[in-house]
Undergrad: 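My questions all concern the structure below.
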Amino acid sequence: MEATMAGYNGHNEDNDFMHRLRHSTAHVMAEAVLQLYPQAKLAIGPAIDAGFYYDFDLGKDEQGRPKTFAPEDLAEIEKRMRQSIAAKKPFNCREVSADEARQLFQGQPSLAEEGAEHHRVLVRQALAHGLHAPVVRPGRAVVDAEDNRRVSHINRQQHGSTYLLRGCMVSSPSSPNPFSLQREKGSKAQDAFKLMNVAGAYWRGDEHNPMLQRIYGTVWQNKKQLEAYLARLEEAKKRDHRKLGKDLEIFVFDEEVGPGLPLWLPRGGVLIEELERLAKEVEDRAGYVRVRSPHLAKEDLFLHSGHLPYYAESMYPAMELEGVRYYVKPMNCPFHHKIFAARPHSYRDLPLRLAEYGTCYRYEKSGELFGLMRVRSMQMNDAHIYCAEDQFEQEFMAVIDLYLHYFKLFDIEKYVMRFSTHHKRGLGKKYIDNERLWLKTEDMVRRAMTNGGIPFVEQADEAAFYGPKIDVQVWSAIGREFTLATNQVDFAQPARFDLRFTNREGQEETPLCIHRAPLSTHERMIGFLIEHYAGNFPAWLAPEQVRVIPITDAHNEYAYRLAERLSAAHVRVEVDAGQERMNAKIRSAQLLKVPYMAVVGEQEAQNNTVSLRKRDGSRQDGMAVDAFVALVQERVATRAKEL
RNA sequence: GCCGACGUAGCUCAAUCGGCAGAGCAUCGACCUUGUAAGUCGAGGGUUGCCGGUUCAAUUCCGGCCGUCGGCUCCA
């Protein structure tokens with residue numbers, strides 16, 4: 001898969017040929033769309049990871065409904081694009097001032113239909129304020145201006161289409177056709193791209209705005225690279241946890257149970273138990289204590305915590321009994337705050353680390369659900385650390401160390417730590433309205449991370465409602481970004497719940513709270529691990545660790561004795577005593593990605609040995625049973641990466 | 001939630017123009033007694049997601065709902 005860390009890499013787009021090529025192809029597509037749909041209005045059309053997209057407003061149909069692309073239309077658009085690229089039409093660039101740009105588009109007819117005024121206003125604003133607000137006058141022009149000091153004007157001479165955009169699409173004015181640069185022997189420029197799919201997308205990414213039609217495309221240096229990319233996409237699909245989860249019998253969704261509510265099959269249950277065992281070990285060593293809390297509580301608790309004022313959109317609606325409203329919990333924190341408050345605390349008690357693999361329920365919008373990665377019922381590797389302010393940095397960084405410990409164990413290398421901060425405009429809406437504390441706690445996190453030498457990227461408007469956080473961003477097999485683990489500061493709830501401890505001076509003080517979930521939720525973690533390992537779990541995690549394969553039914557008895565021996569050593573083992581040939585039995589075990597296969601026949605039964613076949617296909621014949629049991633035990637006990 | 005596409009056996013997929021719903025794998029049974037990725041034969045398995053409409057006749061055409069997928073929005 002492409003390392004989809006774009007947006008975090010900060011590469012210099014202006015010097016990136018592929019970026020220019022992708023941007024250029026977007027505009028070639030826009031031109032093709034305008035030829036086919038002269039009434040279409042253009043919105044934005046940037047280069048993205050492996051290609052580009054372009055947003056269009058196609059106007060209304062006879063019934064007054066917004067017109068949409070049919071997937072078949074892509075073929076026709078592609079055809080026109082190929083012709084256009086093959087014709088090697090030049091791109092002519094020249095720089096114009098913002099004033100001239102404004103001039104160019106002035107006096108052009110305003111958008112005809114209703115709602116057009118809206119677009120036009122945005123165009124004007126964009127130009128006036130120099131915002132990145134690419135839009136168009138009807139039909140033929142696009143503004144893609146990020147700043148009004150450097151606006152380029154491109155004239156597609158063959159069609160007289162005029163676009164405004166940031167920078168030129170070609171490498172330099174002297175190499176006027178970017179497609180001429182991508183050519184290689186025996187490869188044609190027009191064969192190096194493909195339109196992928198159509199999708200709806202909100203204007204300016206705001207769900208309150210009208211929805212536009214977006215076409216995604218991919219473009220590469222040559223056809224070979226394009227084909228390699230498409231092949232990689234196919235490979236990624238094989239890794240998709242939704243497919244592997246089914247094949248490996250880990251989880252299912254049932255229509256009657258409900259969307260986003262996974263059922264864990266026995267093999268998935270094992271994964272959960274192993275993760276919890278791991279968490280318990282690690283947290284015991286790190287000074288956590290375990291608590292338990294119910295799945296629901298009265299409305300009062302969530303009013304108090306701030307969830308109902310700030311988080312109600314993601315909560316299942318209340319159920320009312322005997323005049324009291326109850327909510328299922330979207331988070332565990334209010335309960336842990338109550339546990340903290342259950343008795344008075346001295347500074348000597350702090351830091352107090354309350355851990356619980358709590359089950360939470362969030363009403364994610366239907367279109368947001370995604371296999372195990374985005375569900376409505378989830379079990380979080382949750383804990384809340386109550387500490388004094390001067391303990392904050394050490395505690396916060398101890399959590400970061402936990403992350404790093406886990407990532408090393410799982411060999412997770414591709415991630416970005418994202419420092420998620422508030423945004424002024426969200427104060428009082430999605431964020432607790434106390435700017436002073438926002439700035440203060442954000443500064444504390446920034447300082448702690450910097451002092452700890454942990455690289456991170458800062459992103460505004462991604463915080464929790466109660467404070468800033470460090471999120472660990474990872475990518476699914478098909479390239480979708482997710483927050484896996486999270487480490488959050490909470491300056492709000494301890495005060496709201498009037499949590500206190502007595503400090504050294506005998507005065508009452510409000511503790512800070514750190515919410516953390518280094519192992520994410522079971523759902524997202526396991527979804528991620530399935531893809532990360534492509535189903536090839538290390539022995540300690542593997543739902544079935546050993547499959548015993550008797551060669552004929554004459555060896556079943558020995559097979560069962562061996563299985564008992566392994567079972568007594570706490571190894572998860574199954575015997576395949578079916579009537580298939582040994583080869584077929586091996587094949588089924590391979591398909592289930594069982595790490596160790598113990599093939600037993602006449603020789604093994606006689607010598608008290610196994611013929612060990614590992615999942616990777618390697619073999620060790622005549623291995624003593626004792627040695628085999630010891631091997632498996634050692635690999636599991638040390639959570640070894642190798643088989 | 002919004003835009004678009006798709007829903008046929010446990011799984012992967014067929015079924016011409018509207019005319020008795022089919023295959024492979026899996027499951028079950030029998031035979032074979034097997035040496036490191038599929039032995040042979042046979043059987044069972046379906047209200048074609050659900051509800052309604054059009055029609056002599058609907059898996060097929062139309063409408064509504066449910067679910068899934070690709071995006072948008074949102075997120076552990």
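A, B, ... follow the sequence lines: proteins, then strands. Residue 1 opens every chain.
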Undergrad: Please classify the nucleic acid contact of A/Q603 as base, sugar-phosphate, or nothing, using heavy-atom distances under 4.0 Å.
TA: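 Base contact.
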Undergrad: Which nucleotide sits closest to the side chain of A/R587: B/A37, B/A76, B/U34?
TA: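 Closest nucleotide among those given: B/A37.
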Undergrad: Say you pick atom P in B/U68 and the same atom in B/G52; how far apart are they, in whole Å?
TA: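 It comes out at 24 Å once rounded to the nearest Å.
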Undergrad: The side chain of A/R374 lies closest to which of these nucleotides: B/C75, B/G35, B/G70?
TA: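 For A/R374, the side-chain atoms sit closest to B/C75.
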Undergrad: Whom does B/U59 pair with, Watson-Crick or G-U wobble, provided both distances fall under 3.5 Å?
TA: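 Paired with no nucleotide.
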Undergrad: If you only use heavy atoms from C-beta on, which nucleotide in B/C32, B/C2, B/A37 is closest to the side chain of A/L591?
TA: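 Ranking B/C32, B/C2, B/A37 by closest atom to the A/L591 side chain puts B/A37 first.
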Undergrad: Rounding to the closest angstrom, what is the interatomic distance between B/U16 and B/C11 at atom C1'?
TA: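 Each nucleotide's C1' atom is 27 Å from the other's.
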Undergrad: Which of these nucleotides, B/G1, B/A37, B/G70, is closest to any side-chain atom of A/F370?
TA: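 The closest nucleotide is B/G70.
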Undergrad: Assuming nearest nucleotide by heavy-atom distance, tell me which of A/E364 and A/E602 is located more 5' along RNA chain B.
TA: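 Here A/E602 is the residue nearer the 5' end.
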Undergrad: Please state the P separation for the pair B/G1 and B/G64 - nearest whole angstrom.
TA: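 My reading of the P atoms in B/G1 and B/G64 gives 16 Å.
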Undergrad: Select one nucleotide: of B/C69, B/G4, B/C72, the one nearest the side-chain heavy atoms of A/R242.
TA: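 Output: B/C69.
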Undergrad: Counting the atoms with a prime plus P, OP1 and OP2 as sugar-phosphate, which does A/Y216 contact under 4.0 Å by heavy atoms, base, sugar-phosphate, or nothing?
TA: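 Answer is sugar-phosphate: A/Y216 comes under 4.0 Å of backbone atoms only.
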Undergrad: Grab the two heavy atoms, one from A/M525 and one from A/L275, that are nearest each other, plus how far apart they are.
TA: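 Minimum heavy-atom separation between A/M525 and A/L275: CG-CD1, 4.1 Å.
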Undergrad: Taking the six-membered ring where the residue is Trp, are the ring centres of A/H515 and A/Y466 under 6.0 Å apart?
TA: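 Yes; A/Y466 has its ring centre under 6.0 Å from that of A/H515.
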Undergrad: Picking from B/C2, B/A76, B/C32, which would you name as closest to the side chain of A/R581?
TA: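 Nearest nucleotide to the side chain: B/C32.
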Undergrad: Suppose we call a contact any N or O donor and acceptor under 3.5 Å apart; does that hold for the side chain of A/R524 and the base of B/C75?
TA: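 Yes, a donor-acceptor pair under 3.5 Å.
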Undergrad: When you get a sec, tell me which of B/G4, B/G35, B/C74 is the closest nucleotide to the side chain of A/T68?
TA: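 Nearest listed nucleotide: B/G4.
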Undergrad: Scan A/S520 against the nucleic acid and name what it touches under 4.0 Å (heavy atoms): base, sugar-phosphate only, or nothing.
TA: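 It contacts sugar-phosphate atoms only.
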Undergrad: Which heavy atom of A/D206 sits nearest to which heavy atom of A/Y202, and what is that distance?
TA: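 Shortest heavy-atom contact: O-CB, 3.2 Å.
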Undergrad: If the C1' atom of B/U59 is compared with that of B/C6, how far apart are they to the nearest Å?
TA: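 Looking at atom C1' only, B/U59 and B/C6 are 14 Å apart.
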Undergrad: CG of A/L261 versus C1' of B/U68: gap in Å, rounded?
TA: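 Rounded to whole Å, this separation is 15 Å.
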Undergrad: Quantified in whole Å, what is the P atom distance between nucleotide B/A30 and nucleotide B/C17?
TA: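 Each nucleotide's P atom is 45 Å from the other's.
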Undergrad: Expressed as a whole number of angstroms, how long is the span from A/D553:CG to B/G29:P?
TA: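 Spelled out: CG on A/D553 to P on B/G29 is 14 Å.
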Undergrad: Which part of the nucleic acid, if any, lies within contact of A/G205, taking any heavy atom under 4.0 Å across all strands shown: a base, the sugar-phosphate backbone alone, or nothing?
TA: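 Answer is sugar-phosphate: A/G205 comes under 4.0 Å of backbone atoms only.
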Undergrad: Would one find more than 12 heavy atoms of other residues, nucleotides or ligands at under 6.0 Å from atom CD of A/E76?
TA: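 Yes, enclosed.
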Undergrad: Assess A/R214 against A/Y54: is NZ or CZ under 6.0 Å from the centre of the six-membered ring, and within 45 degrees of the ring's axis?
TA: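 No - A/R214 does not lie over the ring of A/Y54 by the 6.0 Å and 45° rule.
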Undergrad: Send over the distance from A/D576 CG to B/G39 P, rounded to a whole Å.
TA: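 It works out to 12 Å between those atoms.
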Undergrad: Starting at atom NZ of A/K430, determine the distance to atom C1' of B/C74, rounded to an integer number of angstrom.
TA: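 Value for this atom pair: 9 Å.
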Undergrad: What does A/D621 touch in the nucleic acid at a heavy-atom separation under 4.0 angstrom: a base, only the sugar-phosphate, or nothing?
TA: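 If one applies the 4.0 Å heavy-atom cut-off, A/D621 turns out to touch a base.
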Undergrad: Grab the CG-P distance between A/L265 and B/G10 for me, whole Å please.
TA: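 Whole-Å distance recorded here is 16 Å.
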Undergrad: Measuring only the P atom in each nucleotide, how far is B/U60 from B/C51? A whole number of Å is fine.
TA: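 Nearest-Å result for B/U60 against B/C51 at atom P: 13 Å.
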Undergrad: Need the pair for B/A43. Rule: Watson-Crick or G-U wobble, both distances under 3.5 Å, any strand; none if unpaired.
TA: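 Pairing partner, where one exists within any strand: B/U27.
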Undergrad: Which part of the nucleic acid, if any, lies within reach of A/T483 when heavy atoms closer than 4.0 Å are counted: base, sugar-phosphate only, or nothing?
TA: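 Sugar-phosphate: the residue A/T483, judged by heavy atoms under 4.0 Å, touches backbone atoms but no base.
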Undergrad: May I ask you to say what A/Q579 touches in the nucleic acid, namely base, sugar-phosphate or nothing, with a heavy-atom cut-off under 4.0 Å?
TA: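 Base contact.
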Undergrad: Under 4.0 Å, heavy atoms only, any strand: does A/M380 hit a base, just the sugar-phosphate, or nothing?
TA: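 The answer is nothing, as A/M380 stays clear of every strand by at least 4.0 Å.
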Undergrad: In whole angstrom, give the distance that lies between atom CG of A/L58 and atom C1' of B/C3.
TA: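 Those two atoms, CG and C1', are 12 Å apart.
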Undergrad: Taking the six-membered ring of A/Y363 as reference, does the cationic atom of A/R376 (NZ for Lys, CZ for Arg) lie under 6.0 Å from its centre and within 45° of its axis?
TA: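 Positive - A/R376 is close enough to the ring of A/Y363 and near enough to its axis.
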Undergrad: At 4.0 Å (heavy atoms only), tell me whether A/N197 reaches a base, stays on the sugar-phosphate, or touches nothing.
TA: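 Sugar-phosphate, no base atom in range.
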Undergrad: Mind calculating the distance between CG (A/L372) and P (B/U68) to the nearest angstrom?
TA: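 It is 13 Å, rounded to the nearest whole Å.
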Undergrad: Where the side chain of A/V198 is concerned, which of B/C72, B/G39, B/G4 is the nearest nucleotide?
TA: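 Comparing B/C72, B/G39, B/G4 against the side chain of A/V198, the answer is B/G4.
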Undergrad: Which base, if any, makes a Watson-Crick or G-U wobble pair with B/A14, both distances under 3.5 Å?
TA: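 Result: none.
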Undergrad: Determine, for A/F335 and A/K329, whether the Lys NZ or Arg CZ falls below 6.0 Å from the six-membered ring centre while staying within 45 degrees of the axis.
TA: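 Yes, A/K329 sits over the ring of A/F335.
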Undergrad: Provide, to the nearest angstrom, the distance between the CG atom belonging to A/N487 and the P atom belonging to B/A76.
TA: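 About 13 Å, once rounded to whole Å.
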Undergrad: Indicate, with a heavy-atom threshold strictly under 4.0 Å, whether A/A199 touches base, sugar-phosphate, or nothing.
TA: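 Result for A/A199 = base.
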Undergrad: Once you apply a heavy-atom cut-off of 4.0 Å, does A/A517 come out as touching a base, just sugar-phosphate, or nothing?
TA: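 If one applies the 4.0 Å heavy-atom cut-off, A/A517 turns out to touch nothing in the nucleic acid.
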Undergrad: What's the closest nucleotide to the A/Y202 side chain, out of B/G39, B/G1, B/U12?
TA: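 Given the options B/G39, B/G1, B/U12, the side chain of A/Y202 is closest to B/G1.
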Undergrad: A/K246 near the nucleic acid: base, sugar-phosphate alone, or nothing, with a heavy-atom cut-off under 4.0 Å?
TA: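 Touches sugar-phosphate only.
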Undergrad: Once the angle between the rings of A/Y361 and A/H295 is folded into 0 to 90°, is it parallel (under 30°), tilted (30 to 60°) or perpendicular (over 60°)?
TA: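 If you compare the ring of A/Y361 with that of A/H295, the planes turn out tilted.
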Undergrad: Measure across A/K585 and A/P550 and return the closest heavy-atom pair with its distance rounded to 0.1 Å.
TA: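 Residues A/K585 and A/P550, closest heavy atoms: NZ-O, 3.0 Å.
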Undergrad: Within less than 4.0 Å of OP1 or OP2 of B/G70, is there a side-chain N or O belonging to A/R480?
TA: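 For A/R480, the contact criterion (side-chain N or O under 4.0 Å from OP1 or OP2 of B/G70) is met.
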Undergrad: Quantified in whole Å, what is the C1' atom distance between nucleotide B/A37 and nucleotide B/C20?
TA: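 Roughly 41 Å separates the two C1' atoms.
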Undergrad: NZ of A/K593: more than 12 outside heavy atoms within 6.0 angstrom?
TA: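 Check passes, neighbour count above 12.
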Undergrad: Nearest to the A/K469 side chain among B/A76, B/G39, B/A37, which nucleotide is it?
TA: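 Taking heavy atoms from C-beta onward, the closest nucleotide is B/A76.
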Undergrad: At under 4.0 Å between heavy atoms, what does A/E604 touch on the DNA or RNA strands: base, sugar-phosphate, or nothing?
TA: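 Base, at least one base heavy atom under 4.0 Å.
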Undergrad: Using the C1' atom in both, what is the distance from B/G18 to B/U55, to the nearest Å?
TA: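 Here B/G18 and B/U55 have their C1' atoms 9 Å from each other.
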Undergrad: Strictly by Watson-Crick or wobble contacts shorter than 3.5 Å, is anything paired with B/A37, and which nucleotide is it?
TA: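 Per the H-bond distance test, none.
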Undergrad: Given the structure, check if the side chain of A/R613 and the base of B/A37 hold any donor-acceptor pair shorter than 3.5 Å.
TA: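 Such a pair exists between side chain and base.
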Undergrad: Tell me which of A/A70 and A/V375 sits closer to the 5' end of RNA chain B, going by the nucleotide each one is nearest to.
TA: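 First, find each residue's nearest nucleotide; the 5'-ward one identifies A/A70.
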Undergrad: Name the nucleic acid region contacted by A/L484, choosing base, sugar-phosphate or nothing; use a 4.0 angstrom heavy-atom cut-off, strictly under.
TA: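 Sugar-phosphate, no base atom in range.
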Undergrad: Need the pair for B/U8. Rule: Watson-Crick or G-U wobble, both distances under 3.5 Å, any strand; none if unpaired.
TA: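 Partner of B/U8: none found under 3.5 Å.
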